[in-house]
There are 2 protein chains.
Amino acid sequence: MVPCPTDGKPLVALVVVIFTVENRSLQVLLIRRSAPPFQGFWALPGGVFGGHEALGEAATRRLVEETGLQDVYLEQLYTFSELDPHLPAVAVTYFALVNHTQARLQQRRRWRPAWHAVSSLPDLAFNNRAIIDYALTRLRYKLEYTNVAYSLLPDTFTLSELQRVYESILGRSLDKRNFRKWILARRIVQLTGATRSEGAHRPARLYAFTSREPVIL
Amino acid sequence: MVPCPTDGKPLVALVVVIFTVENRSLQVLLIRRSAPPFQGFWALPGGVFGGHEALGEAATRRLVEETGLQDVYLEQLYTFSELDPHLPAVAVTYFALVNHTQARLQQRRRWRPAWHAVSSLPDLAFNNRAIIDYALTRLRYKLEYTNVAYSLLPDTFTLSELQRVYESILGRSLDKRNFRKWILARRIVQLTGATRSEGAHRPARLYAFTSREPVIL
DNA sequence: CCAAAAGTGTTCGGCTTACACCCATGT
DNA sequence: ACATGGGTGTAAGCCGAACACTTTTGG
């Protein structure tokens with residue numbers, strides 16, 4: 001990469017880590033880079049930030065572009081520097097949580113964006129692996145004291161589905177009775193009254209999040 | 001190739017919130033702005049980030065410049081945008097914790113940097129008030145699950161001194177017995193064996209931090 | 001002997017953890 | 001009737017919160 005000789009300003013890149021949980025697996029959205037550096041590598045979606053809007057708006061725009069989803073949980077993560085020894089740049093990173101059944105990924109591109117299991121990522125461009133690790137750490141903490149999981153689930157869901165989401169992110173199994181007591185005590189979710197029959201077993205009661213805005217407990 | 005425009009890049013500003021506790025009062029280091037915008041207003045120390053080093057290094061350099069101190073706790077806070085409607089810029093903010101008895105503030109300048117009680121701040125430039133509020137919130141949380149207070153205190157100190165630091169930051173008084181039990185149970189500090197006689201009362205035992213590196217408990 | 005800050009234990013309630021069986025349904 | 005996931009309670013230990021008096025010293 002050639003440095004920019006005409007001005008001393010670093011480039012401001014915007015990077016978004018988009019998580020989803022599908023089938024007991026935490027996944028992250030990756031695209032293929034079509035230009036150097038790291039051409040052909042998988043990378044997090046992002047772009048250059050022009051500075052004429054709020055960072056959060058630019059990140060939201062990128063998120064809508066990739067998933068078609070609005071009103072999802074989005075939070076600034078960290079700002080990285082020294083991405084490339086020859087390119088003065090900073091990367092402002094965000095992470096988002098989306099419901100994969102509602103996401104509509106871009107189909108047009110040469111290399112279509114795709115979900116990748118966080119547990120088995122390919123080699124990534126720049127420091128993208130470190131960014132994902134950082135996002136995952138933050139997400140694991142946030143699960144414990146916020147309701148952000150709302151952004152990963154549909155409007156109604158069973159407690160078992162919710163528990164599987166928690167387990168997929170935390171990477172360990174949870175006790176069913178304790179999980180239910182815990183989540184109900186915090187009033188994160190409430191009964192809807194509806195149930196869902198899904199197979200040769202007792203139907204599950206459906207719950208909804210008390211709030212679909214971020215709440216710190 | 002990443003485009004290399006001669007303009008269109010936002011400015012990357014670096015801002016440092018430097019906290020100290022002196023005499024039961026949480027204070028922050030402010031300087032007077034000598035140029036527009038906000039000329040004459042108090043503001044947080046900072047500067048323009050060139051991009052040819054790590055952000056943390058640039059922040060450390062600024063911190064040394066203002067206080068003469070090295071090896072203090074420094075952490076990235078948040079990256080703000082839309083500071084000024086006419087100036088495309090982002091501000092990457094850090095916060096630091098220093099011991100005021102060791103800090104040597106700049107004396108050369110027209111408007112000398114000075115400590116200001118966080119509880120009674122003057123009007124500040126840009127969004128600096130919001131940055132300080134954000135830093136304070138983060139600091140209050142960090143006190144509860146890390147040892148970062150080490151950076152505010154000298155090598156040895158009494159538990160009463162430590163408690164006053166916690167109380168000054170949290171903005172409420174703590175129970176002496178519970179505070180001691182709590183801090184000792186977490187092994188944040190340990191007895192040195194020395195004591196200090198300071199007046200017409202029983203001498204205090206001196207403690208030291210178990211680690212002077214950041215530790216998450 | 002008095003003033004001042006240092007130092008110290010116990011009780012209670014609530015939260016977390018571990019743990020095993022019955023329920024409702026479809027086939 | 002049986003296989004499948006849904007749904008439930010209790011006991012033990014740990015932690016945080018409330019609360020008041022004795023100790024050691026200097027003047």
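Keep in mind the model is a prediction, meaning the values are calculated, not measured. Within every chain, numbering begins at 1; the chains are lettered A, B, ... in the order of the sequence lines, protein sequences first and strands thereafter.
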Output yes when at least one side-chain N/O atom of B:Arg180 is less than 4.0 Å from OP1 or OP2 of D:dG16, else no. no

Atom-to-atom span, OH of A:Tyr207 to C1' of D:dG6 - whole angstrom: 10 Å

Is a donor-acceptor pair below 3.5 Å formed from side chain A:Lys176 to base D:dG7, judging by atom type as modelled? yes

Any donor-acceptor pair, under 3.5 Å, between the side chain of B:Lys181 and the base of C:dT10, if you only look at N and O atoms? yes

Just the rounded figure in Å: distance from P of D:dT8 to CH2 of A:Trp182. 18 Å

Think A:Arg186 has a side-chain N or O under 4.0 angstrom from the OP1 or OP2 of C:dT16? yes

Just the rounded figure in Å: distance from P of C:dC15 to CZ of A:Phe179. 18 Å

dist B:Leu69:CG -> B:Leu97:CG (nearest 0.5 Å) comes out at 11.5 Å

When you measure only distances, ignoring hydrogens and angles, does the side chain of A:Arg177 come within 3.5 Å of the base of C:dA18 through a donor and an acceptor? no

Figure out the CD/C1' separation between A:Glu161 and D:dG5, and round it to whole Å. 12 Å

Between C:dT8 and B:Arg202, is there an OP1 or OP2 to side-chain N/O distance shorter than 4.0 Å? no

More 5' along DNA chain D: A:Asn178 or A:His201, using each one's nearest nucleotide? A:His201

Is a side-chain donor-acceptor pair under 3.5 Å present for A:Thr101 with A:Asn99? yes

Whole angstroms only, please: what is the CG-P distance between A:Leu162 and D:dG7? 12 Å

Modelled atom types, side-chain donor and acceptor of B:Arg112 and B:Gln106, under 3.5 Å: no

Taking atom CZ of A:Arg187 as the centre, report whether more than 12 heavy atoms of other residues, nucleotides or ligands fall under 6.0 Å from it. no

Between P on D:dT10 and CG on A:Asp175, what's the gap in Å once rounded to a whole number? 16 Å

Whole-Å distance, A:Leu184 CG to D:dG7 P, equals 11 Å

Just to confirm, is there a sub-4.0 Å distance from OP1 or OP2 of D:dG6 to any side-chain nitrogen or oxygen of A:Ser160? yes

Toward the 5' end of DNA chain C, which comes first, A:Gly199 or B:Leu159, by nearest nucleotide? B:Leu159

List the steps, then state whether side chain to side chain contact (heavy atoms under 4.5 Å, CB included) holds for A:Leu77 with A:Tyr134. CA-CA 8 Å; A:Leu77 198 55; A:Tyr134 191 92; 3.5 Å; yes

Atom CD of B:Gln163 to atom P of C:dA6: distance rounded to whole Å? 9 Å

